[in-house]
Structures are given as C-alpha cells and as structure tokens.
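All residue numbers refer to positions in the sequence shown, counting from 1. Reckoned from all heavy atoms, side chains included, excluding hydrogens, waters and symmetry mates. Remember, predicted model here, so these are calculated numbers, not experimental data.
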Amino acid sequence: METAALVAPVTALEFLQDAFLLSGEGPVLTVYSLQPHPKACASLSVLQHYRIHGIRPRHPSAFQPHSSVTGSYEKKKDGLSTTVEPSFCDLAVFGGKAVRLVRLHDGEHLRLEILGPLMELKDWALDVRWLSGDKHSLLCVAVAHNSVLLLDVSTGNALVQRSCVEGCLLYSALLLVHESWEDTVFIGGTVFNQLIVWKPGGGGESSDSDHKAPVERRLLGHSGVIFNISYLQEKGWLASASDDRSVRVWGVGALGGPEGDCGDLNPACLRVLYGHQARVFSVRLSPGKVFSAGEDGACLVWDCARGGNVVRRLKGHRAGGVRALAISEGTGDEATRARWVATGGADGGVRLWRVDESEERKEMMEDTETEKLTDLKFTGQGMPKVVCIAGGEDKNTGWSQCKFVVCTDQGIVYQYSDGQWETVWQGSPEFQSYCVMETTTISVKDSTVKANLCAVGNLSGSTQVFPISHPQYGILLTAGSGKIHSLIWQERGKSAYLLASGAKGLVYRWCIEVILSESCSLSLSVNSLPSFLLPPCAKRWLTASVCLHSTSEGSLWVCGDRRGSLLLFQEGGKSEKEKGDKGETDKGLLKQTEENGSNGDRKNEVTDLTLEPLSCLFGVHGKQGITSVYEYQGLLYSTGRDGCVRVFRVHPTSPEKGEESRKNSNGGSTENRGGLQLEVLRVQRACKGMEWLERVLILKPEIPEEEEEEEVTDECENQYKVKQQNSTEKLEVTLEEGFRGEEVQKGNKGREARFAILGFHAVHFVVWDPVKQERLLAVPCGGGHRSWSLWPIHRGIWNGYGALVFIKQGAVLASQPPGEALNLAGSAGRTGGWCLREGVHGRGIGCVCRLGRIRGIRNDIQTGTTENLSGAEGRDRFKDEVRGMERDTEQWEIVVTGGEDTSLTVLAVHPHSGSVKVLSVITDHISSIRTVTAVTRETQSQSLSALLVSAGGRAQMQCYRLVISYDSHRLAPSCQVIQVASHRLDEQWERRRNRHKTVKMDPETRYMSVAVVDDRTDCVLLALACSDGAVRLFSVSEVKHQIVLLWENFYHQRCVLSVATCSLEDGKGNRYKLLFSAATDGKIAVWDLTAASSSSTDTNPPIPCLEIPAHQSGVNSLAVWAEKLGQQGGGCLVTVASGGDDGQLTVSTIRVQYPEDGNTGGNSGLLQISQQTQPQSNLRPHLNSQFHIPLAHAAPLTALKLLSPGLMVSSSSDQRVCLWSICSSGIRHRGALYSHVADAAGLAVWEGQAKQGNEKRKSWFESEQDIAIWGGRGCQTGLETMGKTVEGKTGGRFSEDKRTADEGREPDEAASKTDDLICKMSDEKGEETASECRNPTETDSGGTGGRNFKTSCERRKKIEKTGWVLVCGQGFQLLQVRNTER
C-alpha cells in the first residue's frame, strides 16, 4: 500500500525569505513558490508516520533563490547548469519523536532531497535550532520533559543532554541559539501555566550532562497552558499564546546572544490581548505588529505599539481553527515594510495574505462589524424615503466618486456630491407623499460616454425618467391609472429596459436609449413593449426581474412577485407571431388591452399586447415575497424573506410532462405552453435568524484564471495554443453563450457558483458566506424595512469589500466616509487572501461515499522527477514542470464526504497527481452527518449522475441529485446539485405553535447508518439504523420529490449502529433481499425484505429471521457479500464481516436455502411456500461457521469494506489500515499501513482498471515502504484465527460447498484467485511461501498448486489490478493497493 493523496491539518509553516513558503501536512513537506504568483512546486514525505510540527532552515539569509530569475537553464549530464549554478538550503524537519534533514534544491526546478535517515528520539521534540557557529551539522533539540539535546545529525547521536531542575511537562518551547552550545537560552511553557527561562549550556561545572540547570526567570500571569512562544530580539519582546484565549506580550530585554543573556531580572507584562473567541494556538512578532491565530479560525493582527487594538482580521478557513502561522521578513524599510502572512488550517487549507506595517486603521473591511457610521447630514426639504447610488454598477467608479441620489416625501430628488446636497429634480404634486425611485447607468448611443438615469413613480400611474446630469430632458411615461408599486431597471447593451408594476397585475415595459445630439445635449428614445400580466393573487405586483439572453424562441424573462412566486415570460419568437396572426386573444399568450402607451413626446397610440407567464412556481418563497432574481453562468438565483436562496433554471419539457406538471402544480400555476418551465435545483438557507434576504453576490475566485495562465512558460503556452486552438475556440463559444442560443433547450448545463448572501440579521445588514459560515461584512443599520444601496455591485460580484448607504430615522448614513478611497490593495488583501490549498472539512469527516469515475481530455505533460509531485494544485504542478505535451485522458475519482461541521463536500480526486478539487459544498444539515450513500448511474465516460442520500443528527435525511461532468474549458470536473427531498421525524414538532412553552419528551434521534435495499424505476428503498433502537424503511421518490416512512421496527431495543444489505438470485431468476442490522449489544439481526421490496405499499414491519451473536459490545460496521453454491448444495452462502468496539474482527458465514429448493439442503423443516401467500420470511438462513480475530486492531474498529472477492479492508482509530484475506479456513492478515489520518471513521474502497506491463510507479510517499507490514509465515501473535462451525466439523459442509462452486474453473484461473501477497514478495520467499498463501481448499483439489501459483504470478506481472482505499477522519488519505486480484 502506498499513499496517492493526502488532506490533513496543516501543522507547520515557515517562510524562506520572501521567495518560498514551506508547509507540513502530516509527514509531507510542501514547497510553495511566491514569485511571480503563489503556487505549489514540490512535495515529499519525509517523516514516515510522524506529523511535521516545525521546519527550520539553515542559514536562510544566505540562501539565494534562482526560481524567480528570468532566463533559461541549460543542463549538463551531471545535472548542473552552465549559466546559473543551482543553490540549495538545508532544512531540519521535526515532529513527534523524529527529526530529519532535507535539502531544497533551487535550480531549473525546485527539488526536495532527503539527506539522511530518520533520527528517532526518546521524547517529543518541541523545537529545533541549528548551531550557526559550528562547522559541523549540530542541532539543538528541545524535548517535552524540559530537556535539551545537542544532536549530531551526521551520526544521529545525542552528544549532550541537559535537563532543568524543574522537570515538568512542557506544552511549548523556544530555543534561542547563537554560535555555540554555551550561548543557548531555553524558554518553556509549562503545564502549570508558567514561562520559565534557563540555560542548557551554562559553562563550567554546570555544563555537565548530569547537572540540572536552574531556572533563571519565571513569568506568571496565564490561567491556561501555553501553546506557543515567540521572541523579537529588536524590541526585547516575548509573546505567549495560551489556552485562556489571550496573548501576552512581555518585556524581557535581551535574551540569548553571544553571552547567552537571560534578560531583565524582573520582566514585566506589557500587553494582555483578548480578541479570540477560542484557544490561541500560535503567535508571531514583528516590530510593529503582533500576529495570533487560534481555534476560532481567525488570524488577528494587533497594533501592539498603539494601544493593542486589532487592526486586521484575517479569516478564510473553515471550522476547526488555524493550526499553523508564519510571517515573512518582508520587503522595504521599517515603516512601510510589507510582509507575507500564511495560515494553515485544520481543514487542510493554506492561505496567504499581504500585510503592511504602515496600516494604522483600527478596523479593516475583513472585520465582521463596522460600528462607525458617517452621517451625510441631509439638508433638503421633506423626509428622505429612497436612496440610490448613481453609477454604482460602473466598475470604473470608485467609492470616492460615487454620487448618492435621494428622493423625499415632497417629490424632490437630491444628489450628494463632494459633501454637498443639491436639487436635481422637483416633481409635481402628484409625486408627493408617495414615490418609488430606481437608478441605472447605461452607455450613450454612438458614444463612449455613460449616463445615469433615474426613474420616479407615483400613485397615479405616472413615471418620470430623466438623466441625472440633464434632468430637463426627462420624459413622462404612463403605466395605467393606478399606483406604481415598483420600478425595475434591466440593462441591455447600449439600452435599458424599465419595468413599472401597476394596478391589476399589469407590468408595463419600455426600452430606453440615451442619444447625444449635435448640441451635446441628451435626449431619451422610448419604445413600448408588451406588458406582463401577473397571475391573480394578493399583493399582485412585481418585485424582481431578470432578462435572459435572446434565444430562437425569443427573449425570456424570469420575474418574482410580492406573493413569493417565480414567473417565466416569453417575448417574441414563433409562438407569439403565430398566435398574433391567428388573433387568439383569450387562449393564447397574448391579450388585447385598451391601455394607451405614452412614450413622452411621441403621442401615437400603441396597442399594448399582454404576455402571460409560461411557467409559475407559486409561493415558492412564502408569502413575504421575492426580493431579487439574478442570473449567472446559465443558472438563476432568487432570494426572499423566507431566509432561503433558491437555485433554479429554465428547463425544457415535453408536452406530456408539461401537462403533468400543470396538474400537479400548486394552485395558480399557468399552463406550460412554450415547452419551458422553471425547475428549482436546490435551496440554500442562510444562518439562523437571518430571514430577510435581499440578494446574492458571486464570490470572486480565489486565484483568477488570468493569473493562472501567466504561470505557464512561454514555450508551453505557445505549444498549448497550437495544439488546442480549434477545440478551445469551440469551447469558448459554447461557454460564453451561457444562456444564449439553444442552451435553454439543452437543459442549461450551468455550474453553480459560490455566492455570498446579502440580508438583514437582527439590527445588522450582513454579507454572509454560507459555506464558511462567517460574516464578510456587518453594518448596524437598524434592521430591515428601510431603503439601502451597496457599493460596489458591478456584475453582482463580491470583491471582498463594500460600503452601505441607508436611511435611518430620517437621516442618510454611510458605513464609510464618502471622500475616502475604499478598496483593498492587491488581490492578496481581499477577504480570504490567496488560497494556496483549499480546505475540505474543518472538523472530523464521519462518512464517505464514492460516486464513480469520470474521464476527460487533458494535456499530459511529462515530468522529470516524480519526487516533486504536489498534493496541492495539480494544474500548477503540470505547468511548472513542462517537458512535452500530448493529448491524453485523465481520470478523476468523485467522492462525497460528510462531517461534523454539518456539511457535505463533493470532491474530485486525481489519484496519479494527488490533486484534490472541491466541486460543491452543501450545508443543509442542522447537525453532524453520520452516514451517506448513493445510487449511481454512469451515463457517459465524461459524466455521471448519482442520487445521494445523507443522514445524521436530529433525525434529518437529505436527498440530492448530483450531476458531475468534465469541464473541458477548466480541465476539471464540475458538479451541479439538485435538491430532491428532505425528511425529519419530528417535522410535526417543528411546525407546532408555541412549542417553546412545552417540553419535548422524545429524545433527539440520530441516523447512524443507511443502506440501499432496492433501486426501482419509480423509487429507491432505504434502510436506516437509528439511535432510538429502531430499524426504519423509507421510500425516496425523485419524481414526487418526497421521502416516505414505510415502517419501523424496535426489535433491537437499543441503539442500532449499522445496517447492510445483500441481493440474492436463484437459478430461476427470482430475486431476494436480505437486510443485516447490528446494535450496541454485539448481535446481528437478519431480515428478509423480499416482500417489502416487491411492494412499497406494505407497511407491516417484518420480523428478523436470524440473530447472530458476534461481539461483546457495539458493532460499528458490516460488510456483506454472497456466493452461489453448486447445484448439488443448492442455495447460497452469505458472508458477514463485522467490526466492533471490542477491536474484534468477526466473519460469519450464513447458508441460505431458497424456497423452491425444498429439503435439498438437508433441513427437513424447510417447507414449500407458494408465492401467493407472501409470508413474512420466504428464506430460511442459518449460521454455518464463524471466525474471530480478537485483536484485529488496538482500538475500536470503525469501518469494514470489501475491496475484491476475498480481500477486505478495515480501519480503526489506532491509525492503521489493515488488509485481510477471507477464505474457507478463516481469516488471514495480509498487511497494514499506518495512516496519517487521526480518528478514522469513514472508509471507501474500489478497484481500478488493470494495467499492462510490469512498470512500477515511483511514489511521492517513498518512505512508506519502510512502515508497511505484510503478513509473513504463519499467523502473528494476537492475530490467531479462532474458528467454529455450527454443523459438523470445521469447514465440513462449507468446504464441500466451496469446492463444488470452484469445480468449473480452469486451473490457471483458480490459482489466480488465491490469497497471495504481492508477486515480488512471493518470488523472494519461493515455493514455501507460495504454498502457505494458497487457499487450502484449492490445494486439496490437485497436486499442481505450486506450478499454477508461479504461473499466476508471472501472469499478474503483465496484468495487474489496482485497488484504492480512501480513509477519512481528521482529513482523508487515498491509498493504492497493488495486486488485488486473487
């Protein structure tokens, strides 16, 4: 077994000047290049099964990086450059009880090289430093029991070991070394919440190893253990991060140095910094700032010199906290020095920020709240009612150039510019007491000038439209005779649509253009368009609208009304022309009305054609209305005051489906006449208490694609363009069209983007990230029911900063002073920073499910050294090591993980490069996710579709349809999530009124495990194990979008931990379903669900037909498979493997007789039962044999999976992944691998395709070959097999049935199915090992077993099957298993 991909908490970060960032993730050391753009360059596993906790470069200031130097490198045979000699830097990497030296080569390509063997210590290493003055390679190592070692790295021996008189346990340590051992000063954070300072060298008599050094200084003040220590020699500051959520800065004076000073006699505490909401793990010091990171996932930048305030808050990691922190030396002088700040999270992510020392503002825009508000001091007449930002959608308009437009209750429009309020337009008395106003920016026709338009509506149906710069050229539009409820602008190139929602559900529309006359004056050109007619309902007016691009069917409009309905309108196209020609006024899409449209100076009367909706989702957002509709990359996003964001699309339907949807529609839905309908894909809720949502903003990508393309070398870029020109042009045309052309008819294969939610949470206006569950911006505006406007909103993108203008109690307020320039310098300064490696789950992963494999066309770039494989960014790695380029296919494994952070993550894993991409994050669960399963149907090699079911705490179950396809434009998979249904057992309780006044007697039920019983065409049957002692059967209907509970049975009377299913088929083609359930009492129950699977209407719960005692305590996992017997034996054998809390592995064999078999199995009690009576149990299973391995793992066994016939994989919290061979004579341990994933809980296995040839791929985890444990001769202690049979002797009937099943096989085929090790090991151990590894049953069947085994090994050298094992816990690890074929 070897590791192919790893995602684990990042526990070590270190900068190498300002050129490179070194990170430690598990045992893997990764190098990121920061110039010209941050990217991963090389990775190597260096600490075997230890986790890296620190990286110490030797002479970092003398290292001269050449990677950023422009030029070419010409290589000789010896590998050296003729122009620039490659430089290198030695690194001391430590973690756990191990230290290792690694050399970083910086030549043509970055390369990591292991210099020596792994040096294992007897105690935990807390800090390691190089002795700079010594010519030999000597290391000072601080260990956990308050001792310091002087280590000779050339031999690996400890030359000196010195302890302190206070021999307590340490949580943190810091070594200050100069040139010699005598100058070393040690600072330790003890378990007693103290900081102690002492000298390991000391000189004279005190340098003896047997003499314990005294404590020189003691710092008291913390009320919790100390996790990290940092020292700044320039200021004489010492900083400590503690479990008490505080950071303390001490004035200790000069520590260390040439004479090994211990600082001031009485060090004082200068600052106590409280700002973190949880434990503080790391702290770093710079001359003007203090950087701290903790469990709350935030990195705080403190201004220690000016009062100790937080000047910046860096957040970008998911739940779980920041485990590693590093700051660079920076560039520039002391006052304006800019530094890199890197954070590594428990989610496995690495993020990078740029921080300037000159930042003095107390709060930056990354802070969650902006408490300071600016009063614009409105001086106009009347009370401000509506406020808008003129030009806010123009990307070239900065915050300091923005102009605010306010309309008062006196019908007067004012503009705020340069600190002054001026009157723009004063309306007639009809515009007093009530008005609605909206602004937009459009380009002037035949000019590059842009004009800001303003529209104001009143109670009498009139709307005044005018340019803000030239209000005298405005026009008056008439929209009926009733109240104008709302005005909506919709841009379209050089023109803009204006929608006015009037009385009786009529929405009047105009197309407006701005024309520049010869006298440089502006005039408006208005064309009337057919009106929209909203369905009859209360609150019948429009609140949101978006125009989709023109198609062959005409223009499509998606609108939202105040009743909470989504409407689809079609303008133009064939249907309108045909119905208009035929004069169908009542039954068609068009209706004649008697309204006269007025377009200003044009007095001609126009017949207003009214359009009815093609499709309607009535009340989809509740009764409080829809607030916005937004289109992005082919998908639509709507928000409402129900606290939900709905992702939907325009979907084509056949006439039959359209008629069915019309019948099944919730009242008020109109007929689907155009073959198009609105289809909701998924629903995303905001945080608790955030019900009033206003709109969505698309989150800007972490690293723009333009920057990624610049990273490719010129040679690679030119070659790429030559080979990909034709296909790229076609792809760009298809993707740029988005919603254009025939994409609507093809199903709008859009990809859902990450978005932020704008809305009101209590008294704050909030920008909320639903994936990271954190605020991006919060302004205390007083809550909803007010007019507001946000800058910038260009193209609906959130750039990481913003400013809000709103009205509160008659005042116009702004969250930022209007005169200041509001932006964040550089893309690295935005919220979230640069994402060098994307995180997955911040907390533990409890379950995993593999969906399948998709293939895509890629550019296969040949690389030189495979030691530099990067596990972070596969694409950057390919571009960085270009040798050649050829067309090839790549394979991505699609998996879904569910964790304690209540989120589901859809991942694409590239096994050969170790690249991991997050496709989608689903956050619909309200509690931890315990189990997940899927029903997958592979449609094509480049796409797959899966029905995903997840369940967990609070008795909640969610069902989704996942459509994964290969995006040829981004050269990566993409995922679309479609929400099918959801279910909770206590839904009635949630709907009960005044439930806070009553006590809920039933405890919260948790779903522990789920299994698919039957996959039908109309529904899917699921069996769930529940913590309340019940086994429940559910029916999931994708067509009806519902989950129905069929029956429940409390047979176990205690928590049911796991369920598994097995399908059987007799010789006549009859199918049977068996369900296996296991509880905390260690017993396994067998259920016959044949009748339940044949009829979904049967609600009578069955009774278990067999109970198997397997464990002394809870059974955490089950693995079931069946094997047919020969015609003489009849029936089949079902093998059940189980793992429990007792660490035991049990394999039980059940013999099942089919009903038509009669008494062929020798059991006279088996009766012939007709199919018409349908008894509760048609099958008669009984236990045949059972085998145990009491000490399979040193901890509870958490998961079991069958990798191939006879080969099983188990995982445990002891961080071992074991392989087991299952045969007729028992269980045999084949091998084990130490996993780098802590708290292993989920497991997924699958077989890969056969590979031709005997080539061996070099792994980037080369050192794991030393720690793989393979089963040798005989059985090991603690793994002895204990077997027993229920009928007869060991292997009696079972062995006969097994031989009967194998009689028809060829000799070579039978030999190829043996329980052997890897062929390489078999060749080394010879004939004796081969005979021991054979199946005993096959050995007795003939005397040519040894010869057949050799033949099989030679054959497997040509055709080799590969198995994959994915272990999940605190991160996940993908393992590759060679030669899974038996």
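Evaluation of the side chain to side chain contact (heavy atoms under 4.5 Å, CB included) rule for Ala1122 yields Cys1062, Leu1064, Val1134 as partners, not counting sequence neighbours. Legend: residues meeting salt bridge (charged side-chain N to carboxylate O under 4.0 Å, His left out) with Glu1107, ordered by chain and number and at least two apart, are Lys1083. By the side chain to side chain contact (heavy atoms under 4.5 Å, CB included) test, Asp1142 pairs with His1111, Gln1112, Ser1113, Gln1144, sequence neighbours left out. Applying the side chain to side chain contact (heavy atoms under 4.5 Å, CB included) rule to Gln1370 yields the partners Ala1238, Asp1239; only residues at least two apart in sequence or on another chain are considered. Remark: Tyr1007 engages no residue in a side chain to side chain donor-acceptor pair (under 3.5 Å) (not counting sequence neighbours).
Thr1146 and Gln1186 are not linked by any side-chain donor-acceptor pair at a separation below 3.5 angstrom, with hydrogens and angles left out of the test. Checking Gln1215 against Ser1235 by side-chain atom types alone, no donor-acceptor pair falls below 3.5 Å. At a cut-off of 3.5 Å, with distance as the only test, a side-chain donor of Trp892 or Glu890 sits close to an acceptor on the other residue. Side-chain atoms of Ser1063 and Lys1073 include a donor-acceptor pair closer than 3.5 Å.
Listed for the Thr1061 side chain is a donor-acceptor partner under 3.5 Å among the backbone atoms of Val1012. Using modelled atom types, no side-chain atom of Ser1009 and backbone atom of Ala1025 make a donor-acceptor pair closer than 3.5 Å. Not a single donor-acceptor pair under 3.5 Å links the side chain of Asn1184 to the backbone N or O of Arg1151.
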(request) Step by step, work out the salt bridge (Lys or Arg N to Asp or Glu O under 4.0 Å) result for Glu2 and Arg1378. (result) CA-CA 9 Å; Glu2 60 186 24; Arg1378 302 284 183 176; 3.3 Å; yes
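For the pair Leu1021/Leu1089, no side-chain contact is recorded, criterion being any heavy-atom separation below 4.5 Å from C-beta on.
Nearest heavy atom pair, residue Ser920 against residue Cys975, reads CB-SG, 4.3 Å. Considering every non-hydrogen atom in both His841 and Gly899, the closest pair reads CE1-N, 3.8 Å. When all heavy atoms are compared, the tightest approach of Ser1077 to Trp1087 is OG-NE1, 2.8 Å.
When the options Leu1145, Leu1219, Ile1227 are evaluated for a side chain to side chain contact (heavy atoms under 4.5 Å, CB included) with Met1208, the one that passes is Leu1145.
Taking the six-membered ring for Trp and thresholds of 30 and 60 degrees, Trp1246 and Trp1364 have nearly parallel ring planes, at less than 30 degrees apart.
Pairs engaging residues 1196-1215 under the salt bridge (Lys or Arg N to Asp or Glu O under 4.0 Å) rule: Asp1214-Arg1216 [sequence neighbours left out].
With rounding to the nearest 0.5 Å, the separation of CG in Leu1243 from SG in Cys849 is 12.0 Å.
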